[in-house]
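One structure is given below, encoded as structure tokens.
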Amino acid sequence: MQLHEEIQEHLVRLEPHLQAEVLDFVLFLEQKQQQSLPDSVINDEEALKIHEQLMNQYADAFAKLAQ
């Protein structure tokens, strides 16, 4: 049995108000993890901009080589 399945088994045995507390804690842990990620992590939009810049640079370089 995988860990998430074992957690789920225990979770369904808890009363609803305790399940809500577990969810709050999980969300807290996710937020804490996000904050601890290094600043070098970029979002999709930034990655696409970098990709576009590189493609433009490659196109310029190949155009110069073709001359």
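Note: hydrogens, waters and symmetry copies are ignored here, and every other heavy atom, side chains too, is used. Please read all numbers here as calculations on a predicted model, not as lab measurements.
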In one Ile/Leu/Val/Met/Phe/Trp/Tyr side-chain cluster, 4.5 Å: Leu27, Val22
no
Do Val26 and Val12 share a hydrophobic cluster (ILVMFWY, side-chain heavy atoms under 4.5 Å, transitive)?
no
Over 12 non-hydrogen atoms of neighbours within 6.0 angstrom of CD in Glu5:
yes
Taking NE2 in His51 as the centre, count heavy atoms belonging to other residues, nucleotides or ligands within less than 6.0 Å. Is the count above 12?
no
Same cluster or not: are Met55 and Ile42 linked, directly or through other Ile, Leu, Val, Met, Phe, Trp or Tyr residues, by side-chain heavy atoms under 4.5 angstrom apart?
yes
All side chain to side chain contact (heavy atoms under 4.5 Å, CB included) counterparts of Gln31, not counting sequence neighbours:
Gln35
Please collect all salt bridge (charged side-chain N to carboxylate O under 4.0 Å, His left out) contacts where either partner lies in residues 13-25, sequence neighbours excluded, each pair once.
Glu9-Arg13
Mark yes or no for whether Gln19, through its side chain, and Leu11, through its backbone, hold a donor-acceptor pair below 3.5 Å.
yes
Can you pull the salt bridge (charged side-chain N to carboxylate O under 4.0 Å, His left out) pairs that have at least one residue in residues 43-63, sequence neighbours excluded?
Glu45-Lys49
To the closest 0.5 Å, what do you measure between CG (Asn43) and CG (Leu48)?
9.0 Å
How far does CZ of Phe25 sit from CD of Glu30, to the nearest 0.5 angstrom?
11.5 Å
